[in-house]
Amino acid sequence: MEPRQLFLLLFISAEINFGSTQGKPSLSSSRGEQVFIGTSVTLRCDMDQSTGWTFYWYRHTQTTAVTSVAQTDGNSYNISSVKVSDGGRYWCRAGRGDPVTQYSNEVWVKVIVRPKAIASIMPNWTDIFSGNKFTLRCDIQGDQHMDWQYRWYMNGTVQYSGQNYTVYSADQFHSGDYRCEGLLSRDQQKSEISEAIRIIVSGG
């Protein structure tokens, strides 16, 4: 074998070995697997080595092969307002120059329509006499068996946290526009806020 051929062979072998010794980055998402349209999501690619790396981001969808979507100096990749087209499986690699690490684990970004909160009232009327009881209830359209927390607003101000909001003895200061929204327990993604229920308390 010629000296030049031997040198090239050793160089290529060294490159392969160097790449394999850099380990496998760990990829994580700031959101759960399902991400609502319009929500921000940040992917994080963690390496044992902390400085001097460039990070490469890849995505695979049902209609495209694995493609490069970004290159960053830091180890995070942010999508500020997720669209359906941002959905897919993601990986990252890191390197100095060309990627030299293995591909990370994959992270799914499943983009879905933001569900809407629906407010209702029992008894089913909004003209309330002073001293009467009424209960507001918040439900999430489609529900999708997610773990929801609930927040109520009156005239735009946070009033109560919980799916059911009961006023046991209505007074005139309870008059106003009531809306609710759902928040996912795991990552605080928000539903669309409900339409308003306008309550008028009279008498007293």
inquiry  = For Asp177, is there any backbone N or O sitting under 3.5 Å from a side-chain donor or acceptor partner on Asn155?
reply    =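 Yes, Asn155 side chain to Asp177 backbone: donor-acceptor pair under 3.5 Å.
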
When rounded to the nearest 0.5 angstrom, what is the spacing between [atom1] in [X] and [atom2] in [Y]?
X      : Y      : atom1 : atom2 : answer
Phe134 : Ser169 : CZ    : OG    : 10.5 Å
Ser191 : Gln149 : OG    : CD    : 12.0 Å
Ser104 : Arg93  : OG    : CZ    : 10.0 Å
Met47  : Cys92  : CE    : SG    : 8.5 Å
Lys110 : Arg89  : NZ    : CZ    : 10.5 Å
Gln172 : Ile200 : CD    : CD1   : 11.0 Å

For a quick test of reading the model, state the closest non-hydrogen atom pair linking [X] to [Y] and the distance between them.
X      : Y      : value
Ser68  : Tyr58  : CA-CD2, 3.9 Å
Val201 : His174 : CG2-CB, 4.1 Å
Pro25  : Asn105 : O-OD1, 3.7 Å
Asn75  : Trp57  : O-CH2, 3.6 Å
Val111 : Asp86  : CG2-C, 4.4 Å
Thr42  : Ser76  : CG2-CB, 3.9 Å

Which pairs would a plain distance check flag for residues 118-126, meaning a side-chain donor or acceptor within less than 3.5 Å of a matching protein atom at least two apart in sequence or in another chain?
none

Single-linkage hydrophobic cluster, 4.5 Å side-chain cutoff, [X] and [Y] together:
X      : Y      : result
Ile140 : Leu184 : yes
Ile197 : Tyr153 : no
Leu27  : Trp108 : no
Ile128 : Val167 : yes

[X] side chain near [Y] side chain, heavy-atom distance below 4.5 Å:
X      : Y      : value
Ser40  : Arg31  : yes
Ile79  : Val35  : no
Arg186 : Asp147 : no
Phe36  : Val113 : no

- prompt: Around atom CZ of Phe129, are there more than 12 heavy atoms of other residues, nucleotides or ligands at under 6.0 Å?
  reply: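 It does not: Phe129 CZ has 12 such atoms or fewer within range.
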
Next on the checklist: Would you say that more than 12 heavy atoms from the other residues, nucleotides or ligands in this model lie under 6.0 Å from the CD of Glu195, or not?
Outcome noted: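 Counting other residues, nucleotides and ligands, CD of Glu195 stays at 12 neighbours or fewer.
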
| field | Stepwise side chain to side chain contact (heavy atoms under 4.5 Å, CB included) check, Val41 with Ser29 | value | CA-CA 7 Å; Val41 61; Ser29 171; 3.4 Å; yes

Residues 156-165 side chain polar contacts: donor-acceptor under 3.5 Å, at least two apart:
{"residue": "Gln163", "atom": "NE2", "partner": "Cys138", "partner atom": "O", "Å": "2.9"}
{"residue": "Gln163", "atom": "NE2", "partner": "Asp139", "partner atom": "OD1", "Å": "3.2"}
{"residue": "Asn164", "atom": "OD1", "partner": "Arg137", "partner atom": "NH1", "Å": "3.3"}

Notebook entry, point to check: Cation-pi between Arg96 and Trp53: NZ/CZ under 6.0 Å from ring centre and within 45° of the ring axis?
Noted result: yes

Exercise for review: Not counting sequence neighbours, which residues clear side-chain hydrogen bond (donor to acceptor under 3.5 Å, both in side chains) with Asp187? List them please.
Suggested key: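 Once residues adjacent in sequence are excluded, the partners of Asp187 under the side-chain hydrogen bond (donor to acceptor under 3.5 Å, both in side chains) criterion are Gln189.
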
Next on the checklist: Parallel, tilted or perpendicular: which one describes the rings of Tyr90 and Tyr77, with boundaries at 30° and 60°?
Outcome noted: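 Tilted: the ring planes of Tyr90 and Tyr77 meet at 30° to 60°.
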
Check: With respect to Ser194, which candidate in Glu181, Lys116, Arg179, Gln141 satisfies the side chain to side chain contact (heavy atoms under 4.5 Å, CB included) definition?
Finding: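 Looking at Glu181, Lys116, Arg179, Gln141, the match for Ser194 under the side chain to side chain contact (heavy atoms under 4.5 Å, CB included) is Arg179.
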
**Report entry** Chi angles and distances behind the side chain to side chain contact (heavy atoms under 4.5 Å, CB included) call for Thr54, Asp73
**Finding:** CA-CA 5 Å; Thr54 299; Asp73 292 330; 4.2 Å; yes

Does the pair Arg114/Glu192 count as a salt bridge with the N-to-O cut at 4.0 Å?
no

